[in-house]
Amino acid sequence: MLDKGFLTWPFFEPRHRALAAALDAWAAENLADIDHHDVDAACRTLVERLGEAGFLNLTAPGEDNEKLDVRSLALTRETLARHLGLADFAFAMQGLGAGPISLYGNAAQRAAWLPKTRAGAAIAAFALTEPASGSDVANIALSARRDGDAYVLDGEKTWISNGGIADLYVVFARTGEAPGARGLSAFIVEGSNPGLKIAERLEVIAPHPLARLAFENCRVPASALIGKPGEGFKIAMGTLDVFRTTVGAAALGFARRALAETAQRAAGRQLFGAPMAELQMVQGHLADMALDIDAAALLVYRAAWVKDMGAARVSREAAMAKLYATEAAQRVIDAAVQLHGGDGVRSGHPVETLYREIRALRIYEGASDVQKVIIARAVLSELEHSHG
Ligand SMILES: Cc1cc2nc3c(=O)[nH]c(=O)nc-3n(C[C@H](O)[C@H](O)[C@H](O)COP(=O)(O)OP(=O)(O)OC[C@H]3O[C@@H](n4cnc5c(N)ncnc54)[C@H](O)[C@@H]3O)c2cc1C
């Protein structure tokens with residue numbers, strides 16, 4: 001049913017095709033019995049299963065891989081999203097949460113945490129956003145004050161995925177070396193730290209573990225600092241640079257599922273005495289959906305490929321991939337709901353679930369408007385260089 005022709009595109013190597021096939025088969029076998037009524041328990045089970053099956057090895061470098069392979073991350077997210085949004089979420093957060101450690105941590109930090117996040121024995125979270133600092137990351141207020149051999153964190157984080165179930169939080173805090181973005185640092189905070197409280201659990205349209213966190217006199221050893229004081233903004237942006245492309249990949253997986261459901265529906269449903277798929281306006285929708293999907297796929301795989309080929313930063317490519325793929329998936333899924341008629345808005349129908357799942361992807365890890373700002377800045381800086 002699903003067109004897998006994209007796996008022959010030149011972005012991929014045989015190992016990527018093998019991964020996509022193995023994961024697809026695994027997902028078909030291992031995700032059907034996940035109970036969504038308790039998202040915390042569901043996510044714990046998913047992390048455990050993905051860890052046992054070895055797929056979490058892709059989320060952080062270990063003995064088997066020296067660096068993150070963004071094409072593998074993208075294909076994994078795309079495939080899991082096509083099967084089950086929560087499975088994609090569980091996989092993605094292990095990568096994003098552990099990302100600052102795997103990309104910028106020292107040997108002791110990597111040895112302490114990465115074997116656990118890769119095995120599914122520790123759940124990871126990435127704590128950047130605050131009530132007054134979402135898109136405006138440089139405005140972070142949560143403070144980290146040096147006190148002898150420790151840092152003491154005070155303040156609040158919100159919209160933190162895996163908040164409430166994580167064993168490991170990477171927390172970005174103001175250490176004040178310089179104003180704004182240059183005065184931030186990144187810290188490892190264990191979920192069991194008595195100074196870290198779950199202030200509020202947040203409910204959203206596509207449920208997953210999410211919380212507002214309160215840090216009150218939260219002491220961490222100085223060895224919990226990732227990189228150097230003042231490098232927090234660089235660490236956050238460098239981590240997002242790798243993982244932002246994979247948000248586009250998840251959107252692509254949702255869109256592929258929506259098209260597959262819709263094509264099947266159009267072929268099977270009789271309307272006005274013939275299969276619905278014979279109506280040319282329906283064909284027009286199907287064509288637009290397929291076009292949006294291929295264009296999104298090209299941008300996502302391009303961004304992943306450029307990073308894997310050794311580019312230091314891929315801000316422009318990753319922004320394009322995330323922006324286009326998430327917006328395109330919203331269009332594709334909206335068309336899928338429309339073409340399913342009443343069934344499209346029926347609670348629990350796959351396209352209704354996709355309709356709820358896709359929305360937040362246009363907001364988190366940089367809203368669509370913010371991606372446009374990143375792309376425009378890149379265009380303008382190219383102009384400056386060409387004049388210089
Ligand atoms: C489901 C979900 C999961 C999340 N998980 C995490 C997580 O694990 N860790 C974490 O740290 N954060 C997480 N977030 C937070 C997320 O990254 C922020 O919500 C996002 O960055 C937007 O910040 P904000 O909500 O404060 O909105 P604001 O910053 O107030 O922005 C609101 C809107 O203003 C517009 N806007 C913003 N900036 C600009 C601009 N420069 N130009 C034009 N328009 C602009 C955009 O449309 C944007 O959506 C999550 C959010 C959601 C919804």
Side-chain angles (χ1 to χ4, degrees), residues 39-40 43 47 59 77 81 85-86 88-100 117 123-142 153 155-174 180-181 184 186-187 189 191 196 198-215 232-233 235-244 246-247 250-251 254 315 318-319 322-323 326-327 330 355-378 380:
V39 283
D40 290 7
C43 281
V47 169
T59 61
R77 289 202 65 178
L86 210 53
D88 163 59
F89 167 81
F91 174 84
M93 283 313 303
Q94 290 301 96
L96 182 66
T117 58
I123 294 181
F126 181 88
L128 183 67
T129 304
E130 298 181 6
S133 129
S135 308
D136 187 4
V137 175
N139 197 35
I140 279 179
L142 186 144
L153 277 59
E156 219 171 53
K157 291 286 172 188
T158 193
W159 298 115
I160 306 307
S161 297
N162 278 341
I165 65 166
D167 302 290
L168 152 72
Y169 294 83
V170 171
V171 179
F172 296 86
R174 181 158 302 283
L184 305 177
F187 296 92
V189 180
L196 162 58
I198 307 305
E200 184 186 7
R201 290 296 298 259
L202 307 172
E203 306 268 324
V204 287
I205 52 175
H208 67 252
L210 201 62
R212 181 163 63 85
L213 314 174
F215 295 78
F233 189 78
I235 292 172
M237 293 307 127
T239 304
L240 290 173
D241 218 45
V242 171
F243 289 96
R244 194 167 266 157
T246 75
V247 180
F254 291 145
S315 305
K322 196 222 174 215
L323 172 64
T326 56
E327 296 288 333
Q330 184 82 63
Y355 193 73
R356 289 184 292 103
E357 291 277 5
I358 187 58
R359 192 61 186 85
L361 277 65
R362 294 168 55 210
I363 296 173
Y364 64 60
E365 289 192 38
S368 291
D369 317 71
V370 172
Q371 305 308 327
K372 285 187 189 172
V373 172
I374 295 172
I375 296 165
R377 275 196 198 134
L380 294 170

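When a ligand or atom number is given, it counts from 1 through the structure's own listing order. Nothing fancy with the numbering, it's 1 onward along the sequence. Treat the numbers as computed from the prediction; the structure is a model and nothing was measured. All heavy atoms count here, side chains included; hydrogens, waters and symmetry mates do not.
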Worksheet item: What do the steps show when you test Gln94 against Ile123 for side chain to side chain contact (heavy atoms under 4.5 Å, CB included), and what is the final call?
Response: CA-CA 6 Å; Gln94 290 301 96; Ile123 294 181; 4.0 Å; yes

Discussion item. If you compare all heavy atoms of Ala211 against all heavy atoms of Gly164, which two are closest, and at what distance to 0.1 Å?
Written reply: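 For Ala211 and Gly164, the tightest heavy-atom pair comes out as CB-N, 4.4 Å.
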
Worksheet item: Taking all non-hydrogen atoms of both residues, which atom of Ala166 and which atom of Ala124 are closest, and how far apart?
Response: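 Where Ala166 meets Ala124 most closely, the heavy atoms are CB-C, 4.2 Å.
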
If we count only non-hydrogen protein atoms and require a distance under 4.0 Å, does [atom] qualify as touching the protein?
| atom | value |
| --- | --- |
| atom 3 (C) of ligand 1 | yes |
| atom 34 (O) of ligand 1 | no |
| atom 23 (O) of ligand 1 | yes |

Check each atom of ligand 1 against the heavy atoms of [X] and keep those under 4.0 Å away; list them by number with element.
| X | answer |
| --- | --- |
| Phe126 | 7 (C), 8 (O), 9 (N), 10 (C), 11 (O) |
| Leu210 | 3 (C) |
| Tyr364 | 1 (C), 2 (C), 3 (C), 16 (C), 17 (O), 50 (C), 51 (C), 52 (C) |
| Trp159 | 4 (C), 5 (N), 6 (C), 7 (C), 8 (O), 9 (N), 10 (C), 12 (N), 13 (C), 14 (N), 15 (C), 50 (C), 51 (C) |
| Glu365 | 17 (O) |

Fill in: Within reach of ligand 1, part of Asn162 (heavy-atom separation under 4.0 Å)
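Within the 4.0 Å criterion, Asn162 makes no contact with ligand 1.
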
Fill in: Contact partition for His208 relative to ligand 1, non-hydrogen atoms under 4.0 Å
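Near ligand 1, His208 shows its side chain, while the N, CA, C and O stay back.
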
Would you check the N or O atoms of [X], main chain and side chain alike, for any that come under 3.5 Å of an N or O of ligand 1?
| X | result |
| --- | --- |
| Asp136 | no |
| Thr158 | no |
| Asp369 | yes |

Quick one: does any side-chain atom of [X] pair with a main-chain N or O of [Y] as donor and acceptor, under 3.5 Å?
| X | Y | value |
| --- | --- | --- |
| Glu130 | Ala141 | yes |
| Lys157 | Gly163 | no |
| Arg201 | Arg212 | no |
| Arg362 | Thr326 | no |
| Arg359 | Gln330 | no |
| Asp40 | Ile165 | no |

Closest protein heavy atom (residue, atom, distance) for [atom]:
| atom | value |
| --- | --- |
| atom 8 (O) of ligand 1 | Ser161 N, 3.0 Å |
| atom 20 (C) of ligand 1 | Ile363 O, 3.6 Å |
| atom 12 (N) of ligand 1 | Thr129 OG1, 2.7 Å |
| atom 41 (N) of ligand 1 | Val373 CG2, 4.0 Å |
| atom 49 (O) of ligand 1 | Ala367 CB, 3.4 Å |
| atom 39 (C) of ligand 1 | Val370 CG2, 4.0 Å |

Worksheet item: Can Lys372 be said to touch ligand 1, with heavy atoms closer than 4.0 Å?
Response: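 The answer is no, since Lys372 has no heavy atom less than 4.0 Å from ligand 1.
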
Worksheet item: For Val204, is the nearest heavy atom under 4.0 Å from an atom of ligand 1?
Response: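 Distance cut 4.0 Å: Val204 fails for ligand 1.
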
Item to complete: Answer yes if the ring centres of Phe233 and Phe172 are under 6.0 angstrom apart, and no otherwise.
Response: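 Aromatic pair excluded; centres sit 6.0 Å or further apart.
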
Worksheet item: Counting heavy atoms only, which of Ser135, Ala127, Gly134 is nearest atom 28 (P) of ligand 1?
Response: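 Nearest heavy atom to atom 28 (P) of ligand 1 lies in Ser135.
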
Practice prompt. For residues Leu96 and Glu365, determine if any side-chain heavy atom of one lies less than 4.5 Å from a side-chain heavy atom of the other.
Written response: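 Yes - at least one pair of side-chain heavy atoms lies under 4.5 Å apart.
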
Discussion item. Less than 4.5 Å apart, side chain to side chain, heavy atoms only: is that true for Met93 and His208?
Written reply: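 No, their side chains stay 4.5 Å or more apart.
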
Discussion item. Is it the case that over 12 heavy atoms from other parts of the model lie below 6.0 angstrom from the CZ atom of Arg377?
Written reply: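 It does not: Arg377 CZ has 12 such atoms or fewer within range.
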
